[in-house]
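Here is the structure we will look at.
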Amino acid sequence: EVQLVESGGGLVQAEESLKLSCAASGFTFDAYSIGWFRQVPGKEREGVSCFSTMDDSTYYSDSVKGRFTISIDNAKRTVHLQMNSLKPEDTAVYYCASDLPYYSASYYCSTGMQYWGKGTLVTVSS
């Protein structure tokens, strides 16, 4: 059974940084797609950053490019999202998700993934 458990959310001031973590289990870390999505109530879910071993591609949405960095610790089966220069509009519930590596990272960030964590809330105050 695939399990994804997010941690690291919280309340920060604008321009501060926060690092999210996702502990993954139940699937092989030899071949996978994994990513971070976010959602604000009443708005569409947004694929923030994704990675796929299909082509070792990494995707970032335009709204976070240059500020957020996804990293993967294969030994610890953990995925991180380093978020710098946070803005109030980054406030959302952030979800970790995973899938098999059939497509590139941009595809998964655009369409979503099969397995989801429960999410962690990030609040950025101005």
Side-chain angles (χ1 to χ4, degrees):
E1 178 189 3
V2 174
Q3 288 192 324
L4 301 164
V5 180
E6 304 95 337
S7 62
L11 172 64
V12 295
Q13 301 278 345
E15 296 304 315
E16 291 184 342
S17 298
L18 203 59
K19 187 174 185 178
L20 304 182
S21 298
C22 171
S25 62
F27 62 94
T28 176
F29 246 58
D30 293 330
Y32 58 88
S33 293
I34 202 158
W36 290 93
F37 297 76
R38 67 186 181 186
Q39 189 161 26
V40 176
K43 293 190 176 182
E44 283 192 13
R45 182 185 64 204
E46 177 186 14
V48 173
S49 181
C50 296
F51 173 79
S52 175
T53 60
M54 190 277 283
D55 56 1
D56 286 341
S57 59
T58 303
Y59 171 87
Y60 293 98
S61 67
D62 287 343
S63 60
V64 307
K65 200 173 296 182
R67 300 187 298 122
F68 290 12
T69 303
I70 190 171
S71 62
I72 300 166
D73 186 333
N74 287 316
K76 295 183 178 179
R77 303 175 63 87
T78 302
V79 182
H80 301 286
L81 184 69
Q82 177 67 46
M83 306 185 294
N84 298 330
S85 301
L86 282 162
K87 304 175 181 180
E89 51 263 44
D90 293 319
T91 295
V93 177
Y94 284 71
Y95 298 91
C96 178
S98 70
D99 207 326
L100 293 170
Y102 293 142
Y103 306 102
S104 66
S106 59
Y107 173 88
Y108 284 113
C109 258
S110 298
T111 62
M113 296 189 181
Q114 185 173 6
Y115 303 102
W116 295 85
K118 293 184 178 180
T120 185
L121 176 62
V122 173
T123 304
V124 184
S125 64
S126 57

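Numbers here are sequence positions counted from 1.
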Nearest-0.5 Å distance, CG of residue Leu86 to CD of residue Gln13: 11.0 Å
Calculate, to the nearest 0.5 Å, the distance between atoms OG1 and OH belonging to Thr53 and Tyr102 respectively. 11.0 Å
Under a 3.5 Å threshold, yes or no: a donor from one side chain and an acceptor from the other, between Ser63 and Glu46? yes
Side chain to side chain, Phe51 and Val79, heavy atoms closer than 4.5 Å: no
In the structure I gave you, are the side-chain heavy atoms of Phe68 and Trp36 within less than 4.5 Å of one another anywhere? no
Once you round to the nearest 0.5 Å, how far does OH of Tyr108 lie from OG of Ser57? 9.5 Å
Ring centroid separation for Phe37 and Trp116, is it under 6.0 angstrom? yes
Might you point out which heavy atoms bring Glu6 and Cys96 nearest each other, and give the distance in Å? OE2-N, 2.8 Å
Could you walk me through whether Tyr59 and Cys109 pass the side-chain contact (heavy atoms from CB on, under 4.5 Å) check? CA-CA 7 Å; Tyr59 171 87; Cys109 258; 3.3 Å; yes
For a quick test of reading the model, state the closest non-hydrogen atom pair linking Ser17 to Ser85 and the distance between them. OG-N, 4.3 Å
For His80, is there any backbone N or O sitting under 3.5 Å from a side-chain donor or acceptor partner on Ser21? no
Do the side chains of Tyr115 and Ser98 get nearer than 4.5 Å, heavy atoms only? yes
Under 3.5 Å donor-acceptor, Arg67 side chain and Gln82 backbone: no
Any side-chain heavy atom of Ile34 within less than 4.5 Å of one from Ile72? yes
Using modelled atom types and a 3.5 Å cut-off, is there a donor and acceptor pairing between side-chain atoms of Ser52 and backbone atoms of Tyr103? yes
About how many Å separate CG of Asn84 and NZ of Lys19, when rounded to the nearest 0.5 Å? 10.5 Å
Check Phe29 against Tyr32 and note the closest heavy-atom contact, atom names and distance. O-CE2, 3.2 Å
Using modelled atom types and a 3.5 Å cut-off, is there a donor and acceptor pairing between side-chain atoms of Tyr60 and backbone atoms of Ile70? yes
Is there a chain of hydrophobic side chains (I, L, V, M, F, W, Y, each step under 4.5 Å between heavy atoms) that links Val12 to Met83? yes
Scanning both residues in full, the closest heavy-atom pair of Arg77 with Gly26 reads NH2-N, 3.7 Å
Where do Val122 and Leu20 land on the side-chain contact (heavy atoms from CB on, under 4.5 Å) test, with the steps shown first? CA-CA 9 Å; Val122 173; Leu20 304 182; 4.0 Å; yes
From Glu16 atom CD to Lys87 atom NZ, the distance as rounded to the nearest 0.5 Å: 15.5 Å
Whether Thr78 side chain and Lys76 backbone form a donor-acceptor pair below 3.5 Å: yes
Is there a side-chain contact (heavy atoms from CB on, under 4.5 Å) between Val93 and Thr120? Walk through the geometry before answering. CA-CA 5 Å; Val93 177; Thr120 185; over 6 Å; no
Between Ser104 and Asp55, is there a side-chain donor-acceptor contact under 3.5 Å, judged purely by atom types and distance? no
Please step through side-chain contact (heavy atoms from CB on, under 4.5 Å) for the pair Tyr94 and Leu81, ending with a clear verdict. CA-CA 10 Å; Tyr94 284 71; Leu81 184 69; 4.2 Å; yes
Check whether the side chains of Tyr107 and Asp99 place a donor and an acceptor atom closer than 3.5 Å, and report yes or no. no
Whether Gln39 side chain and Ala92 backbone form a donor-acceptor pair below 3.5 Å: no
OH on Tyr95 to CE on Met113, rounded to 0.5 Å: 15.5 Å
